[in-house]
Amino acid sequence: MGILKLENVGYRYKDAPKDSYVFKNINYEFEQGKMYAIKGKSGSGKTTLLSLITGLEKCTEGKVLYDEKDLKKMNLDKYRNTDIGIVFQSYNLLPRLTAIENIILSMDVSKVKIKDKKKRALELMKSVGLLEEHSKRKILKLSGGEQQRIAIARSLSYNPKIIIADEPTGNLDKDTENEILKIFKALATEQNKCIIIVTHSQNVCNKVDHVYELGN
């Protein structure tokens with residue numbers, strides 16, 4: 001049973017002609033414990049599709065279902081703050097905060113009850129291969145790979161079922177990309193997360209369980 005489904009999803013911009021769609025008749029299903037890649041050429045609608053999955057946009061046609069519930073009928077703030085975690089290519093971390101402060105801030109925003117947030121944040125950092133000494137460093141004092149690990153730890157801070165990653169390895173070299181992919185694989189196989197990666201990288205596509213290609 002899929003945790004996330006797209007049923008006959010179509011999208012066109014409000015000011016576009018009625019027959020001018022970014023995409024139509026998209027039927028994708030995502031399960032927990034698996035890794036997925038969404039690939040496509042520039043302009044194929046990858047970013048738009050992410051906006052639909054995260055509830056930032058509403059589909060023109062069809063439905064996006066999370067745990068069999070239509071996103072259009074859900075509290076989308078709660079959905080984004082508790083059910084899905086998002087990892088960005090540019091990390092989207094706050095540079096004025098330390099690594100651990102970025103993670104704890106995500107816990108605060110989600111309003112999920114966590115007894116010891118610092119302890120939990122350090123556990124998450126360890127799970128993505130970072131040491132406690134990294135926790136006190138400001139974001140700009142970390143390498144790109146370390147920043148992306150913090151971004152992944154932050155996305156896990158409220159224990160979502162789905163992790164959505166938008167070109168998470170686009171700014172990284174191949175060795176670091178492979179390290180990040182190992183983290184995602186462990187999250188899927190060991191923690192039963194559903195991992196959805198939007199990517200241009202064939203290396204990423206080679207290492208996931210299923211590839212959906214837009215624009216075919």
Side-chain angles (χ1 to χ4, degrees), residues 2-4 6 28-42 44-51 53-54 80 83-93 99-100 102-103 106 120-135 137 139 141-216:
I3 187 68
L4 185 72
L6 279 64
Y28 295 165
E29 183 169 350
F30 304 93
E31 298 179 12
Q32 289 179 259
K34 292 186 178 180
M35 286 177 66
Y36 298 83
I38 298 174
K39 67 178 294 190
K41 297 178 181 177
S42 295
S44 61
K46 298 189 300 297
T47 299
T48 300
L49 190 66
L50 276 191
S51 295
I53 290 173
T54 56
R80 283 189 290 268
D83 298 314
I84 60 170
I86 304 175
V87 179
F88 301 92
Q89 178 180 359
S90 56
Y91 319 132
N92 280 26
L93 299 167
I100 196 169
N102 269 274
I103 298 170
S106 179
R120 176 60 178 155
L122 289 172
E123 289 172 348
L124 289 170
M125 289 182 63
K126 183 178 180 180
S127 75
V128 297
L130 292 174
L131 303 174
E132 185 170 350
E133 64 190 54
H134 291 103
S135 68
R137 294 181 190 172
I139 292 305
K141 297 292 185 180
L142 299 170
S143 69
E146 289 168 345
Q147 289 185 52
Q148 194 59 291
R149 289 167 188 259
I150 292 296
I152 294 170
R154 179 186 60 182
S155 75
L156 294 167
S157 63
Y158 42 88
N159 198 27
K161 293 180 180 179
I162 301 173
I163 301 293
I164 296 173
D166 186 5
E167 296 282 2
T169 62
N171 292 331
L172 306 175
D173 60 67
K174 190 169 182 179
D175 287 343
T176 307
E177 177 180 76
N178 286 331
E179 291 172 3
I180 296 299
L181 289 173
K182 286 180 182 177
I183 293 171
F184 283 132
K185 188 68 174 177
L187 291 173
T189 58
E190 298 172 16
Q191 297 189 33
N192 201 36
K193 304 293 184 189
C194 173
I195 309 294
I196 303 172
I197 304 173
V198 170
T199 186
H200 286 100
S201 169
Q202 187 58 44
N203 184 44
V204 172
C205 292
N206 290 341
K207 295 185 178 181
V208 300
D209 298 298
H210 195 90
V211 178
Y212 289 123
E213 187 161 3
L214 282 171
N216 277 350

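These values consider heavy atoms only, across backbone and side chains, with no hydrogens, waters or symmetry-generated copies. Numbers here simply count residues along the sequence, with the first being 1.
- In this structure, CD on Glu31 lies 10.5 Å from CD1 on Ile3, to the nearest 0.5 angstrom.
- Rounding to the nearest 0.5 angstrom, the gap separating the CG atom in Leu181 from the CD1 atom in Ile197 is 5.5 Å.
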What do the steps show when you test Gln148 against Val128 for side-chain contact (heavy atoms from CB on, under 4.5 Å), and what is the final call? CA-CA 10 Å; Gln148 194 59 291; Val128 297; over 6 Å; no
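- Residues Lys141 and Glu146 are not paired through a salt bridge, judged by the lack of any N-O separation under 4.0 Å between the basic side chain and the carboxylate.
- The structure places NE2 of His210 at 10.0 Å from CD1 of Ile38, a figure rounded to the nearest 0.5 Å.
- Inter-residue side-chain proximity for Asn178 and Lys207 is flagged as met; some heavy-atom pair is nearer than 4.5 Å.
- Looking at Met125 and Glu132, their side chains never come closer than 4.5 Å, going by heavy atoms from C-beta outward.
- Side-chain contact check for Tyr28 versus Leu4: every heavy-atom pair is 4.5 Å or farther apart.
- Leu130 has its side chain out of reach of Leu142: every pair of non-hydrogen atoms, C-beta onward, lies at least 4.5 Å apart.
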Passes side-chain contact (heavy atoms from CB on, under 4.5 Å), Asp83 versus Tyr158? Steps please. CA-CA 8 Å; Asp83 298 314; Tyr158 42 88; over 6 Å; no
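- Judged by distance alone, with hydrogens and angles left aside, the side-chain atoms of Ser157 form no donor-acceptor pair with the main-chain N or O of Ala153 at under 3.5 Å.
- Counting heavy atoms from C-beta outward, Thr47 and Leu50 have side chains that stay 4.5 Å or more apart.
- With rounding to the nearest 0.5 angstrom, the CD1 atom of Ile152 is 5.0 Å from the CD1 atom of Ile183.
- You'll find the side chain of Pro168 stays beyond 4.5 Å of the side chain of Phe88, heavy atoms only.
- Note: Arg154 CZ to Leu93 CG = 4.5 Å, rounded to the nearest 0.5 Å.
- Using a 4.5 Å heavy-atom cutoff, the side chains of Asn92 and Gln147 are not in contact.
- A distance-only check finds no donor-acceptor pair linking the side chain of Lys46 to the backbone of Lys39 [under 3.5 Å].
- Remark: side-chain polar atoms of Asn171 are paired, donor with acceptor, to backbone N or O of Gln89 under 3.5 angstrom.
- Within the model, atoms NZ of Lys41 and CG of Leu214 stand 12.5 Å from one another, a figure rounded to the nearest 0.5 Å.
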Please report the C-alpha distance between Ile163 and Cys194 in whole Å, then the side-chain angles of each, then the deciding distance to 0.1 Å, and finally whether the side-chain contact (heavy atoms from CB on, under 4.5 Å) criterion is met. CA-CA 6 Å; Ile163 301 293; Cys194 173; over 6 Å; no
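- Judged by distance alone, the side chain of Gln32 and the main-chain N or O of Asn192 form a donor-acceptor pair under 3.5 Å.
- Tyr91 is linked by a ring-ring contact (aromatic ring centres under 6.0 Å, His included) to nothing, counting only residues two or more places apart in sequence or in another chain.
- Between the side chain of Thr169 and the main chain of Leu172, no donor-acceptor pair closer than 3.5 Å is present.
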Arg149 and Glu179: side-chain contact (heavy atoms from CB on, under 4.5 Å), yes or no, with the steps? CA-CA 10 Å; Arg149 289 167 188 259; Glu179 291 172 3; 2.8 Å; yes
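- Aromatic ring pairs are classed by plane angle as parallel below 30°, tilted from 30° to 60° and perpendicular above 60°; the pair Tyr212 and Tyr36 is parallel.
- A search for ring-ring contact (aromatic ring centres under 6.0 Å, His included) contacts involving His200 returns nothing, not counting sequence neighbours.
- The closest side-chain heavy-atom distance from Val87 to Asp166 is not below 4.5 Å.
- Summarising the local packing, NZ of Lys34 is surrounded by 12 or fewer heavy atoms from other residues, nucleotides or ligands at distances under 6.0 Å.
- The residues Lys174 and Glu177 are annotated as not salt-bridged, no charged nitrogen and carboxylate oxygen being separated by less than 4.0 angstrom.
- For Glu133, the CD atom is densely surrounded, since the number of other residues' heavy atoms within 6.0 Å is greater than 12.
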